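See structure below.
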Amino acid sequence: MRMVDLIEKKRDGKELTTEEIQFIIEGYTNNTIPDYQMSALTMAIYFQGMNERERADLTMAMVHSGDTIDLSAIEGIKVDKHSTGGVGDTTTLVLGPLVAALGVPVAKMSGRGLGHTGGTIDKLEAVKGFHVEIENDEFIRLVNENKIAVIGQSGNLTPADKKLYALRDVTGTVNSIPLIASSIMSKKIAAGADAICLDVKTGAGAFMKTIEDSRELAKAMVNIGNNVGRKTMAVISDMSQPLGYAIGNALEVKEAIDTLRGEGPEDLTELCLTLGSHMVYLAGKAATLEEARQKLLEVISNGKALESFKIFLQSQGGDPEVVDNPSKLPQAKYTFDLPSLEDGYVSEIIADEIGTAAMMLGAGRATKESVIDLAVGIVLHKKIGDEVKKGESLLTIYANQEQFEDVKEKLYANIKISKQKVTAPILIHEEIGKD
């Protein structure tokens, strides 16, 4: 086989065979296929696409390019959840203990965030003592005992995807549905899940800005998962404005605690119940999504979800007292309320720009070397559609620096007020199972 022949084949819109895709990924991983040839192939895929079988083959070739996690020692159906990212996306902190309280094993492998705020691990490390540096045997024991544990990402999962992702970033081929879908699904499958629930964001703060692109990506990932033997479902959810009210690590932990107590923001609660219902259903713990939802509401109301979060924190060295006393979380030195400059209705809160403002305070990483300030961030008081009076607080800034005029400017520029009444955006656009 010659790589140039395969580039020409895909350039001309023909299908690559399973063996040809394996040859490409193996060669690229072991450096016998150079970047310039892989760049040509990714551009051919960008323009010609891939069919369902090719996408599944590409995903599994990347899965087998490195280590895979064996979770067979964990009892039950292991369900993983993946979000395509967003601002104030606290769902993992809520969903893990929530579905674990119903006996669904959550063996979560998470990373640190680059961008607006920290990743799941950064957020959890706002709890004093919490750590993810645990051995694999301990990880499996904790999931069997408590139904939940979180571990840091392994160094050699899907090395082909890491190389390919870096290449796509500099060759104008990031926005290719087959390449995005196989990248995400290869990591989920290599991490050992039996079933996968996907939260595909759409809107200004999402990677996919339109509902059509989000739907295409969701269907592509669901089909890959089901075609390689993993039960997979997807929810398309709104990210035109931040999810919930809190943006920032300790602030989001507090909001997760409120939500598990049944006192969280309406949109965050609704999304967690929707995603959680899919996870419980996929795990075989409920016969229907409606039954799963009722069970989730029950463990919130009887306190079992909150207790599950305490046990999870304590088992990984964290201080469980933060659940009853969130003031033990890192606290910012300064708070500042941002007043509305006019009467009206909130018509726009541009999610990714609000996230950037939180990063400017220190809540996220601009580069891999940046150090996160776990205490800082933003808490919104108004969402799209809410009425606001001049002088009323739109949000509170939590900072450890006295000067943040640039942050205030960015926030004012990206929160729009309209004289006319505005309808709040739809939160859940679609729920997608296998075609």
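One is the number of the first residue; the rest follow in order along the sequence. These numbers were taken from a predicted model, which means no experiment stands behind them.
- The closest side-chain heavy-atom distance from Leu306 to Ile257 is below 4.5 Å.
- Between Arg11 and Phe47 the shortest side-chain heavy-atom distance does not fall below 4.5 Å.
- In this structure, OH on Tyr165 lies 8.5 Å from CD1 on Ile180, to the nearest 0.5 angstrom.
- Here CG of Leu164 is found 6.5 Å from OG1 of Thr42. Values are rounded to the nearest 0.5 Å.
- Contact check for Leu338 versus Tyr412: side-chain heavy atoms found under the 4.5 Å cut-off.
- Residues Val376 and Leu361 share a closest heavy-atom pair of CG2-O, 3.5 Å.
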What side-chain donor-acceptor pairs closer than 3.5 Å can you find for residues 241-249, not counting sequence neighbours?
unit_1	atom_1	unit_2	atom_2	d
Gln241	OE1	Ile384	N	2.9
Asn249	OD1	Gly118	N	3.3
Asn249	ND2	Ala363	O	3.0

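- Looking at Asn156 and Lys162, their side chains never bring a donor and an acceptor atom within 3.5 Å of each other.
- Between the side chain of Asp12 and the backbone N or O of Lys14, no donor-acceptor pair lies under 3.5 Å.
- Annotation: Glu212, atom CD; neighbour count of heavy atoms from other residues, nucleotides and ligands within 6.0 Å is above 12.
- Between the side chain of Asp337 and the backbone N or O of Pro339 there is no donor-acceptor pair closer than 3.5 Å.
- Ala191 and Leu71 make their closest contact through O-CD1, 3.4 Å (heavy atoms, listed as atom of the first residue, atom of the second, distance).
- At least one side-chain heavy atom of Val127 sits under 4.5 Å from a side-chain heavy atom of Val253.
- Between the side chains of Thr232 and Asn226, not a single donor N or O lies within less than 3.5 Å of an accepting N or O.
- The side-chain hydrogen bond (donor to acceptor under 3.5 Å, both in side chains) pairs that include a residue from residues 168-185 are Asp161-Ser183, Thr171-Thr173, Ser183-Lys187, where partners are two or more places apart or lie in different chains.
- Annotation: Glu266, atom CD; neighbour count of heavy atoms from other residues, nucleotides and ligands within 6.0 Å does not exceed 12.
- With Lys78 contributing its side chain and Gly76 its backbone, the two residues share a donor-acceptor pair below 3.5 Å.
- Smallest separation of non-hydrogen atoms from Ser308 and Ile148: OG-CG2, 4.5 Å.
- For the pair Ile134/Val132, no side-chain contact is recorded, criterion being any heavy-atom separation below 4.5 Å from C-beta on.
- Partners of Phe130 under the ring-ring contact (aromatic ring centres under 6.0 Å, His included) rule, at least two apart in sequence or in another chain, are Phe312.
- For Lys128, there are no side-chain hydrogen bond (donor to acceptor under 3.5 Å, both in side chains) partners two or more places apart in sequence or in a different chain.
- Looking only at distances, a side-chain donor or acceptor of Ser65 sits under 3.5 Å from a matching main-chain atom of Ala160.
- Taking 4.5 Å as the limit, some side-chain heavy atom of Leu41 sits within range of a side-chain heavy atom of Met3.
- Applying the side chain to side chain contact (heavy atoms under 4.5 Å, CB included) criterion to Ala286, with sequence neighbours excluded, gives Val280, Glu291, Ala292.
- When the side-chain hydrogen bond (donor to acceptor under 3.5 Å, both in side chains) test is applied to Thr92, the partners found at least two apart in sequence or on another chain are Lys81.
- Across all non-hydrogen atoms, the minimal contact from Leu157 to Asp67 is CD2-O, 3.0 Å.
- Counting only N and O atoms by type, the side chains of Ser237 and His429 include no donor and acceptor under 3.5 Å apart.
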Side-chain atoms of residues 22-30: list all donor-acceptor pairs with protein atoms under 3.5 Å, sequence neighbours left out, distances to 0.1 Å.
unit_1	atom_1	unit_2	atom_2	d
Tyr28	OH	Asp35	OD1	2.8
Thr29	OG1	Ile25	O	2.6
Asn30	OD1	Thr32	N	3.2
Asn30	OD1	Thr32	OG1	2.9
Asn30	ND2	Glu26	O	3.1

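- Listed by first then second residue, pairs satisfying salt bridge (Lys or Arg N to Asp or Glu O under 4.0 Å) with a partner in residues 413-432 read Arg215-Glu430, Glu342-Lys419, not counting sequence neighbours.
- Tyr46 OH: 12 or fewer foreign heavy atoms inside a 6.0 Å radius.
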Would you list the atom pairs, donor with acceptor, under 3.5 Å between side chains in residues 93-100 and any protein atom, with sequence neighbours excluded?
none

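- At least one donor-acceptor pair under 3.5 Å links the side chain of Glu20 to the backbone N or O of Thr17.
- Ion pair Asp80/Arg230 not flagged as a salt bridge, since none of the NZ, NE, NH1 or NH2 atoms sits closer than 4.0 Å to an Asp/Glu carboxylate oxygen.
- Remark: Asp238 engages Ser240 in a side-chain hydrogen bond (donor to acceptor under 3.5 Å, both in side chains) (not counting sequence neighbours).
- With rounding to the nearest 0.5 angstrom, the CD1 atom of Ile432 is 10.0 Å from the NE2 atom of His278.
- Of the options Thr59, Ile45, Leu58, Ile224, a side-chain contact (heavy atoms from CB on, under 4.5 Å) to Pro178 is made by Ile45 and by none of the others.
- Closest non-hydrogen pair, Val388 versus Leu394, comes out as CG2-CD2, 3.9 Å.
- One finds a salt bridge joining Lys254 and Asp258 here, because a Lys/Arg side-chain nitrogen approaches an Asp/Glu carboxylate oxygen to under 4.0 Å.
- Panel note: side chain Arg55, backbone Ala220; no donor-acceptor pair is recorded below 3.5 Å.
- Here the side chain of Lys10 pairs no donor or acceptor atom with the backbone of Ala40 at under 3.5 angstrom.
- With contacts defined as side-chain heavy-atom distances shorter than 4.5 Å, the pair Val4/Gln37 qualifies.
- Looking at residues two or more places apart in sequence or on another chain, you find no ring-ring contact (aromatic ring centres under 6.0 Å, His included) involving Phe139.
- Counting heavy atoms from C-beta on, the side chains of Leu313 and Leu124 come closer than 4.5 Å.
- Between Asp57 and the options Asn227, Asn51, Thr18, a side chain to side chain donor-acceptor pair (under 3.5 Å) holds for only Thr18.
- The 12-atom threshold is not exceeded at CD1 of Ile426, counting heavy atoms of other residues, nucleotides or ligands nearer than 6.0 Å.
- Checked by atom type and distance alone, the side chain of Thr91 never pairs as donor or acceptor with a backbone atom of Cys272 at under 3.5 Å.
- The closest donor-acceptor contact from the side chain of Glu54 to the backbone of Leu16 lies under 3.5 Å.
- The shortest non-hydrogen separation linking Asp267 to Leu427 is O-CD2, 3.3 Å.
- With sequence neighbours excluded, no residue forms a side-chain hydrogen bond (donor to acceptor under 3.5 Å, both in side chains) with His131.
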